[in-house]
Amino acid sequence: MSLAASPAVSTTMSAAPGVAADADVPAAIARARVAQRAWQALGVDARARLIERFRQALYERRAEVAELIARENGKPASEATMTEVATSLDLARFYLRLAPDLLAPRRLTSATLALWRKRITIAQEPHGVVAVISPWNYPFMLPAGVVVPALLAGNAVVLKPSELTPSCGALLAELLHAAGVPTDVLQVLQGDGAVGAALVQSDIDKVFFTGSVATGRKVGHACAERFIPCALELGGSDPAIVCDDADVEHAASGITWGRFSNGGQTCVAPKRVYVAATVYDRFVAAMQQRVQSLQLKGAGTASFDVGPLIQPSQSTTLAAQGDDATARGARAWRAAGTHPEGVFPPTLLLDVPPAARALCEETFGPLLPIVRVRDDAEAIALANSTPFGLSASVWSRNRARARAIAAQLQAGTVVINDVTLVAGIAEVPHGGMKASGAGRAHGAMGLEECVRTRTVVDDLFTSWRQAWWFGYGADSAARGDAYVRLAHGPSILARLSGVSKTLQLLFRPERPI
Ligand code: NAD
């Protein structure tokens, strides 16, 4: 059968907030640059008070936020509450607790003997004006998880939400503005890729991009041209490995949720399953049972599990990926019965050969290839065989075995006996390897991405010459060697032999040459 479904329906329902033109970008950056100075000068404690007000407002308006996400993105409101609103609240609380310490200047002294006079201060400074470009699949949580730490760190932010979910970005900004964040410190530029491209090429200081590999590559090139840093959170094709000792029912429940929640449109969803041959048939049967019971939006039930794809073009791509697999000998399986118009029915691809597109490309929708493997080694090799490296999951009752497999997977995060949740743990740095991107969001590293260091190295003395300055003299080689003996000699005796000449090197009053 061809997997072509009835056309998917875009769920974008809110009136789009005003769309920016490329020409609006320079003026927005200029306003942000002026506003950023005062925002930085405010200090972290004052900024944190405003972010705390935002957190409280988000809690108060949580139902409204979840409803908007559901309307604009198409997922169930209950799912939006758990995966977006609750996670955004977690992230705000986490960064409010972390920021005062992490952003404080760090003072240190060097262990290098010749540097005993130096006093070193490493300040954590904001980049300045940063761009946050986000996708539509988690249209509130993903931008919130970058905008909040960027603001706490003292940056001004220009946010470009996805053109498919503009109202979610607008509501995030509205909540922050209402909490007291100045409108020029956080600006929203609505629009499509042209506005995003103009933003990346503008006088911006850093770009935080979340989206596809193809767009991320363009963003990375543009940033490299200007030597500005960027954090790239890109697509993935996350493998799930189901070992022969896994609780097959548990694995099927988790993988069904991971793959088919959010309409199958999650960056860290399991997108390929490698199952030990001895449990393959049981696992497939357990998956079929669960998929059969999923409620599709529009099928007449009060609540639903799986909504429509956000763009019709995704349906075409998914169907082509599925058809390619069946042309190569795979079997496609869908739940019996008719499917509501506009929804791509959850589809399992069974016994898929390795070269199939569904195993080599990202599949962004409810399509799941399941592959039979001989053993752990084959599963690991196949799991690592794509250009992607976002996250992965391992399912086994033997946690030591699962951890050993995890250590061999090329993935930014590996989850054992669970799936997908990595972007929802505030404390965990989220990001990929290989084509899945560079840089990290969330966790302490997510806040560190929002600052750059300015180090000041100060000297206790204002006029004693440094050990390595000119004035070498005839025995400078002997003094240098004495210094190395004292600093690194293998025994006390070797070190003591260097003391007297080293003292001459370290204590050199300034005198006219
Ligand atoms: P996309 O790359 O099409 O668009 C992402 C954003 O980039 C949008 O706001 C878009 O308008 C903008 N954009 C488009 N062209 C641009 C350009 N030339 N310069 C600058 N900005 C541009 O991605 P999408 O379809 O919105 O999102 C789905 C993809 O995002 C999937 O591949 C998914 O795996 C990935 N994703 C990754 C993560 C992660 O954390 N790694 C999270 C969510 C989604």
Side-chain angles (χ1 to χ4, degrees), residues 1-16 66-81 83-84 135-140 162-168 192 212 255-267 269-271 287-327 330-350 352 357-358 361-370:
M1 66 172 171
S2 167
L3 298 184
S6 47
V9 176
S10 169
T11 53
T12 305
M13 291 177 67
S14 318
E67 284 301 329
L68 176 67
I69 296 169
R71 269 208 317 282
E72 199 165 49
N73 159 287
K75 70 185 79 178
S78 56
E79 203 176 289
T81 300
T83 60
E84 300 221 43
W136 46 265
N137 61 339
Y138 288 85
F140 192 90
S162 167
E163 59 275 33
L164 299 175
T165 50
S167 305
C168 289
D192 60 11
S212 62
I255 290 170
T256 301
W257 178 79
R259 172 71 280 199
F260 300 112
S261 57
N262 204 27
Q265 306 160 111
T266 297
C267 55
K271 293 173 184 156
M287 287 294 298
Q288 287 170 332
Q289 259 178 9
R290 283 156 180 78
V291 172
Q292 183 77 51
S293 67
L294 290 174
Q295 302 294 333
L296 309 190
K297 188 173 185 181
T301 49
S303 65
F304 67 96
D305 301 307
V306 182
L309 297 167
I310 200 162
Q311 296 183 94
S313 57
Q314 278 172 256
S315 177
T316 313
T317 309
L318 276 181
Q321 289 169 323
D323 288 344
D324 167 77
T326 53
R331 287 177 294 124
W333 180 91
R334 282 175 173 167
T338 52
H339 306 292
E341 201 175 317
V343 174
F344 191 96
T347 305
L348 304 179
L349 294 172
L350 307 177
V352 188
R357 286 178 56 192
E361 303 170 359
E362 181 175 40
T363 51
F364 217 55
L367 182 69
L368 184 63
I370 306 179

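These numbers come from a predicted model, not from an experiment.
Remark: the Thr165 side chain and the Arg71 side chain contain no N/O donor-acceptor pair separated by less than 3.5 Å. Side-chain polar atoms of Glu72 and Ser167 form a donor-acceptor pair below 3.5 angstrom.
The two residues Pro76 and Ala70 come nearest to each other via the heavy atoms C-CB, 4.2 Å. A pairwise comparison of heavy atoms in Glu79 and Ser261 identifies OE2-C, 3.7 Å as the closest pair. Of all non-hydrogen atoms in Leu349 and Ala325, the two that sit nearest each other are CD1-CB, 3.9 Å. What you find for Val343 and Gly307 is that their closest heavy atoms are CG1-O, 4.2 Å. Here the closest non-hydrogen pair linking Gly263 and Val306 is CA-CG1, 4.1 Å. The shortest non-hydrogen separation linking Gly258 to Pro270 is C-CD, 3.4 Å.
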Start with the C-alpha gap between Lys75 and Phe304, add the side-chain angles, then the distance that decides, and say whether side chain to side chain contact (heavy atoms under 4.5 Å, CB included) holds. CA-CA 9 Å; Lys75 70 185 79 178; Phe304 67 96; 5.9 Å; no
Where do Ser303 and Gln295 land on the side chain to side chain contact (heavy atoms under 4.5 Å, CB included) test, with the steps shown first? CA-CA 8 Å; Ser303 65; Gln295 302 294 333; 5.5 Å; no
Take Ile370 and Val352 through the side chain to side chain contact (heavy atoms under 4.5 Å, CB included) test and state the conclusion after the steps. CA-CA 7 Å; Ile370 306 179; Val352 188; over 6 Å; no
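Formation of a donor-acceptor pair under 3.5 Å by the Gln311 side chain with backbone atoms of Leu164 is not found in this model. Within the 3.5 Å criterion, the main-chain N or O of Glu163 finds no donor-acceptor partner in the side chain of Asp192. Asp305 contributes no side-chain N or O that, together with a main-chain N or O of Leu296, makes up a donor-acceptor pair within less than 3.5 Å. The backbone N or O of Ala269 sits nowhere less than 3.5 Å from a side-chain atom of Arg259 that would complete a donor-acceptor pair. Side chain of Asn73 to backbone of Trp136: a donor-acceptor contact under 3.5 angstrom is found. Without hydrogens or angle criteria, Thr316 side chain to Gln314 main chain gives no donor-acceptor distance under 3.5 Å. Looking only at distances, no side-chain donor or acceptor of Gln265 sits under 3.5 Å from a matching main-chain atom of Leu309.
Under the 4.5 Å side-chain criterion, counting only non-hydrogen atoms from C-beta, Ile255 is in contact with Leu368. When side chains are defined from C-beta on, Lys297 counts as touching Pro308, because their heavy atoms get closer than 4.5 Å. Looking at heavy atoms from C-beta onward, Pro369 lies out of side-chain contact with Gln321 at the 4.5 angstrom threshold. For the pair Thr256 and Leu294, the minimum side-chain heavy-atom distance is below 4.5 Å.
Atom CZ of Phe344 sits about 4.5 Å away from atom CG of Leu318, to the nearest 0.5 Å. Annotation: the span from Leu348 atom CG to Arg331 atom CZ amounts to 10.5 Å, rounded to 0.5 Å. Note that SG of Cys267 and CG of Asn262 are 9.5 Å apart. Values are rounded to the nearest 0.5 Å. Considering CD1 of Ile310 and OG of Ser162, their distance stands at 6.5 Å, rounded to 0.5 Å.
Geometrically, Lys271 does not engage Phe364 in a cation-pi contact defined by less than 6.0 Å to the ring centre and at most 45° from the axis. Stacking of Arg290 on the aromatic ring of Phe260 is not recorded, the 6.0 Å distance cut-off and the 45° axial limit not both being met.
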